Amino acid sequence: MSKSDTQKPSIENLLHENRKFKPQKKSFSHYFLQDMSHYLKLYKNSIKNPESFWTRMASEHLDFFKKWKKVFAWKDCKAQWFLGATLNVSYNCLDRHVQSDRKNKAALIWEGEPGETRTLTYLQLSLEVAKCANMLKGIGLHKGDKIAIYMPLIPEAVIAMLACTRIGVVHTVVFGGFSSSSLRDRILDSNCKALITADGGFRKGSAVKMKEMADEALKETPSIKNVIVVKRTHEKVKMFPKRDIWWHELAENYSDSCVAEQLAAEHPLFILYTSGTTGKPKGLMHTTAGYLLGVTLTTKYLFDIKETDIFWCTADVGWVTGHSYLVYGPLSCGATVFMYEGAPIYPEPDRFWKMIAKHKVTILYTAPTAIRSFIRLGKELPKKHDLSSLRLLGTVGEPINPEAWIWYYEVIGNKKCPIVDTWWQTETGAVMIAPFSGVTPTKPGSATLPMFGIEPIILNKDGTPAKKKDGGFLCIKKPWPYMARTIYGDHERYKKTYWQEIEGVYFTGDGARQDKDGYFWIMGRVDDVINVSGHRLGTMEIESAAVEHPLVAECAVVGRPDAIKGQGIVAFITLKKSANINPMLKEEIAKFIIKQIGALARPDEIRFSDSLPKTRSGKIMRRLLRELATTGDIKGDTTTLEDFSVLEKLREKDED
Ligand code: ATP
Ligand code: MG
């Protein structure tokens, strides 16, 4: 960053979104919060007296074996919370419900891609988890050992995660769609002793050969001694004697009773790699008490979980969203989780909506990328199904463009479900900024206000406060219990990336601004900011303007060097299925963008593309597009890229 950059407001604000949605009286039954003034009172209190706030929350919401002696300590950018306490995550997610009225309540309702279903009650899930924990002990794993989980979205993935937590084994879940080299790198980086995988999983009608992929990875991972394999697809796989064991065969040897280990509050819970949107993935380490407190509180309060809810978080367990809101958060709250194995549009493009109607899902939590792809397919598909069970809609992963927000609200939520746009990161462990459903008035495109105990601030690069409305670097003022404690094996990188970029505060890497109501608007990644004639523009606002055009489905903008302006804007656009490309369409879209946000945002070039390069978790990888627009080629880290053919196609276009 040049010197002049540091003196300016970091990012300029272009988007003027004025729509505001008041919570509807009908859904205004938040069991904890009465209204906004109640929120503000509690929020202020949580910031003023954080230690007493977190103490009260931990006592009220979690079961500990032993209480803490000290709430918080901080040294060398390493936080410790609830020192001296012991607890167990699986105990909180299972045993305490089994001991209550929830014993026979469904904990997990699962549907496989071929259509079969399976329901596990809290009691059944706890027995399976205990058995699996005994299996892990049986193959020689001890407290503190690391294990990789590379599985399709089947109940055994959840069972395996909870089993690890029962005995203090640290899991690294690797997204099942990753290739062997990504799996290998993660196993090597986190030094795992064992792997749990499956013969395969079903995706888009075919059996994905996961075991084969794992075998390839394991050629170069000497630390792995055993592999437990779930039989899912029944395809023939090679089993290596001594190393590989079938889950169902191993299970026969063990009992389904296993006492939960009493683990220290700071015992490592899991290592998880970021999505790799902006660079090489980082292995974030989360610990027991603080993480569990974060996911429990946010699930309870932001989603306002009720006893009758069926909560569907569509993320894979391989991402933090899957960890926090498919597994740990809802189960800690005693909710019913719905989980689906396969592709959203298989065998028919309305599969999602069909399942919501069938299982009477009440809360849907998905990503803007999914919403945009549904918009592209048209509203007739969801309209075919009865979605009246839905009462709340969540979104996460990327800024949601106001246009997509409105579609989600009107078409899926039938204008009666609050939209809960949740801003957070792998590093933050759980949601940081989001509306309290049914309480916080919402604005399309804004994640609204912070969670209790979280103090976001917007700064210039030199650490001075940025002008709120102009925007700057989104930072968090103080440590909070559910943040990652380190990057596994590289605490220096952790310090440098998060705590030293702007001295003394947590640096999120995202740009944001705050409006007059104090609402936060995420403007895009700091790494993606485009500098046009000295004006620093976030990607989100230009993209949001573009997707408001009736024919545009998705847009990614990047900067490329420009001799006069410093940087010029290149917009990569995918059109809606119904769009006819006429020779004037590019000019029309450019004018449309200018009309909404000003001449400064005029794209120097618009490129149409069938799809955009995305991470496996569905986020647009602007850094690859930037490289392509600048040099015509791509050399950056592409290990988390979803579909390599997209790059090939984009390159071909470049040569046209
Ligand atoms: P990497 O850190 O490897 O580049 P990543 O940042 O995509 O990958 P995640 O931790 O999965 O990895 O994603 C967190 C990021 O996702 C946030 O920093 C933010 O940029 C974006 N994000 C998540 N939720 C929202 C949201 N509701 N609104 C805007 N942006 C969001
Ligand atoms: Mg990140």
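Predicted, not measured: the structure shown is a model, and the values here were computed from it. Whatever order the structure lists ligands and atoms in, that order sets their numbers, starting from 1.
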Checklist entry - Is the number of heavy atoms from other residues, nucleotides or ligands under 6.0 Å of I345 CD1 greater than 12? => result no
Next on the checklist: So, 4.0 Å and heavy atoms of S617: is ligand 1 close enough to count as a contact?
Outcome noted: no
Checklist entry - Can you tell me if G397 has a non-hydrogen atom under 4.0 Å from ligand 1? => result yes
Checklist entry - Would you say K282 has any N or O atom under 3.5 Å from an N or O of ligand 1, going by distance alone? => result yes
Next on the checklist: I want to know if ligand 1 touches T395 in the polar sense, i.e. an N/O pair below 3.5 angstrom.
Outcome noted: no
Next on the checklist: Tell me whether V320 reaches ligand 1 (any heavy atom closer than 4.0 angstrom to a ligand atom).
Outcome noted: no
Item to check | Side-chain donor-acceptor pair present, Q425, Y506, cut-off under 3.5 Å | outcome: yes
Item to check | Side-chain ion pair, E543 and R622, N-O less than 4.0 Å | outcome: yes
Next on the checklist: Counting only nitrogen or oxygen atoms and a 3.5 angstrom limit, does I522 reach ligand 1?
Outcome noted: no
Checklist entry - For residues S617 and T615, is any side-chain donor paired with an opposing acceptor at under 3.5 Å? => result yes
Checklist entry - What residues, two or more places apart in sequence or in another chain, satisfy side-chain contact (heavy atoms from CB on, under 4.5 Å) together with E341? => result W110, E113, P114, P152, I154, F202, R232
Checklist entry - If we only count N/O pairs under 3.5 Å, is I400 in contact with ligand 1? => result no
Item to check | Closest approach of any protein heavy atom to atom 7 (O) of ligand 1, naming residue and atom | outcome: T277 OG1, 2.3 Å
